[in-house]
Amino acid sequence: QVDVTAMAQLFGYVDVTDSGFIAAVLSIAFNPLFWNVVARWEHKTRALSRVFGSPHAACYCLGAVILILNCVRSHCFTEAMKSQPKLEGLDCHWAYYSGLAILAVGTLFVISSFLALGFTGTFLGDYFGILMEAKVTSFPFSVLDNPMYWGSTAIYLGWSLMHASPAGLLLTAVVAISYTIAMLYEGPFTEEIYRQKQKGAKNK
């Protein structure tokens with residue numbers, strides 16, 4: 001049996017009908033849906049590469065849009081936390097500094113992932129035909145799979161703890177779920193892209 005007392009208490013602090021909370025949920029769900037749909041469309045049609053004149057230019061433009069959308073998501077997330085009450089048990093120094101530590105680790109994973117992959121590797125360059133020579137296995141990929149996604153989730157978790165926000169914790173769960181769904185779609189598709197690359201190289 002699952003003890004739902006803590007979950008019930010958490011929901012007791014969160015107004016899920018609040019417009020700010022709904023906006024945060026929608027922005028969290030929209031972002032991975034957007035970049036997966038656009039990237040797959042580009043992989044199938046090469047339409048963005050034709051419009052922007054090259055795959056690199058198209059990838060950089062999509063990456064810029066994704067960054068803007070992520071800023072909007074973070075803003076909605078923060079505003080949703082501000083509009084809802086704090087949890088007394090988390091409004092203390094140990095929770096604040098624990099959240100700060102988690103946020104720092106998440107930031108480390110995100111930045112190190114970006115440095116390991118580069119801009120095009122981070123922002124779906126493989127869907128544009130910009131393929132890496134080999135799979136990245138250095139840190140943080142040597143520690144866990146999809147460190148960019150889990151690092152981003154950790155940032156939101158830490159931010160929520162620092163604000164003692166039940167709404168933030170619930171929204172962090174939405175972030176984790178949305179990224180998990182995205183990984184289920186992205187992983188096999190990306191692997192197939194590189195399988196086709198290897199197949200093409202062997203046939204030459």
Side-chain angles (χ1 to χ4, degrees), residues 4 6-39 60-115 117 119 122-124 140 143-144 146-186:
V4 297
M7 185 64 71
Q9 184 181 16
L10 185 64
F11 273 97
Y13 280 84
V14 182
D15 180 8
V16 296
T17 64
D18 177 70
S19 59
F21 185 87
I22 294 172
V25 170
L26 292 177
S27 66
I28 291 168
F30 175 77
N31 284 15
L33 175 64
F34 168 79
W35 70 61
N36 270 288
V37 169
V38 173
Y60 278 111
C61 288
L62 177 61
V65 172
I66 291 172
L67 286 172
I68 292 170
L69 289 173
N70 285 347
C71 288
V72 172
R73 177 183 63 185
S74 295
H75 172 74
C76 292
F77 190 104
T78 302
E79 290 302 309
M81 287 197 304
K82 288 180 179 179
S83 68
Q84 304 225 19
K86 293 184 177 183
L87 184 63
E88 292 85 351
L90 289 178
D91 195 10
C92 58
H93 289 300
W94 73 264
Y96 179 88
Y97 288 112
S98 295
L100 184 61
I102 293 171
L103 187 148
V105 171
T107 302
L108 173 64
F109 278 125
V110 169
I111 293 176
S112 58
S113 296
F114 180 82
L115 293 176
L117 294 172
F119 192 95
T122 299
F123 293 104
L124 304 162
V143 177
L144 76 166
N146 303 293
M148 179 72 74
Y149 284 161
W150 294 124
S152 178
T153 303
I155 289 172
Y156 284 115
L157 175 59
W159 193 235
S160 301
L161 289 173
M162 291 172 69
H163 288 78
S165 173
L169 294 174
L170 194 56
L171 288 171
T172 299
V174 178
V175 171
I177 292 169
S178 68
Y179 278 156
T180 299
I181 294 172
M183 286 184 280
L184 290 174
Y185 280 90
E186 289 176 20

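No hydrogens, no waters, no symmetry mates; every other heavy atom, side chains included, goes into these values.
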**Prompt:** Asn36 and Ala182: which non-hydrogen atoms are nearest, and at how many Å?
**Reply:** ND2-CB, 4.0 Å

**Asked** For the residue pair Ala24 and Ser27, what are the closest heavy atoms and their distance?
**Response** O-OG, 2.8 Å

**Request:** Might you point out which heavy atoms bring Ile155 and Gly106 nearest each other, and give the distance in Å?
**Result:** CG1-C, 3.7 Å

**Message:** Are there over 12 heavy-atom neighbours, none belonging to Phe34, within less than 6.0 Å of that residue's CZ?
**Reply:** yes

**Prompt:** Hey, what do you get for OG (Ser113) to CG (Leu108), rounding to the nearest 0.5 Å?
**Reply:** 8.5 Å

**Message:** Is the shortest side-chain heavy-atom distance between Tyr179 and Glu186 below 4.5 Å?
**Reply:** no

**Request:** With sequence neighbours left out, write down each residue that passes ring-ring contact (aromatic ring centres under 6.0 Å, His included) with Phe77, or none if nothing qualifies.
**Result:** Tyr156

**Prompt:** Parallel, tilted or perpendicular: which fits the ring planes of Phe114 and Phe119, with parallel below 30° and perpendicular above 60°?
**Reply:** perpendicular

**Prompt:** Taking the side chain as C-beta and beyond, is there a heavy-atom pair between Val16 and Leu170 under 4.5 Å?
**Reply:** yes

**Request:** Keeping the roles fixed (side chain from Ser152, backbone from Tyr149), state whether a donor-acceptor pair exists under 3.5 Å.
**Result:** no

**Message:** Working note: Leu62 + Phe123, criterion side-chain contact (heavy atoms from CB on, under 4.5 Å); need CA distance, chi angles, decisive distance, verdict.
**Reply:** CA-CA 7 Å; Leu62 177 61; Phe123 293 104; over 6 Å; no

**Prompt:** Are the side chains of Gln84 and Ser165 in touch, meaning some heavy atoms are under 4.5 Å apart?
**Reply:** no

**With Tyr185 via ring-ring contact (aromatic ring centres under 6.0 Å, His included) - residues at least two apart** = none

**Distance in Å, Met162 CE paired with Leu103 CG, rounded so as to fall on 0.5 Å steps** = 6.0 Å

**Request:** State, with a plain yes or no, whether a side-chain heavy atom of Val72 is found less than 4.5 Å away from one of Cys76.
**Result:** yes

**Prompt:** Measuring from Asn31:CG to Leu26:CG, what's the distance to the nearest 0.5 Å?
**Reply:** 11.0 Å

**Request:** Mind listing the closest non-hydrogen atom pair of Pro140 and Phe109 along with its distance?
**Result:** CB-CD2, 3.3 Å

**Asked** What pair of heavy atoms forms the shortest contact from Ala176 to Trp150, and how long is it?
**Response** CB-CZ3, 4.4 Å

**Asked** Say you draw a straight line from OG1 of Thr172 to CD1 of Ile177; how long is it, rounded to the nearest 0.5 Å?
**Response** 11.0 Å

**Fill in**
So CG of Asp18 and CG of Asp15: to nearest 0.5 Å the spacing works out to 5.5 Å

**Request:** Flag the pair Leu161 / Leu169 as yes when at least one side-chain heavy-atom distance between them is below 4.5 Å, and no otherwise.
**Result:** yes

**Request:** With rounding to the nearest 0.5 Å, note down the distance linking SG in Cys71 to CD1 in Ile66.
**Result:** 12.0 Å

**Message:** Contact between Val38 and Val65 at the side-chain level, heavy atoms closer than 4.5 Å - yes or no?
**Reply:** no

**Request:** Report yes or no: do Thr78 and Trp159 form a side-chain donor-acceptor pair below 3.5 Å?
**Result:** yes

**Distance-minimising heavy-atom pair for Val175 and Ser178** = O-OG, 2.8 Å

**Prompt:** Does atom OH of Tyr96 have more than 12 heavy-atom neighbours from other groups under 6.0 Å away?
**Reply:** no

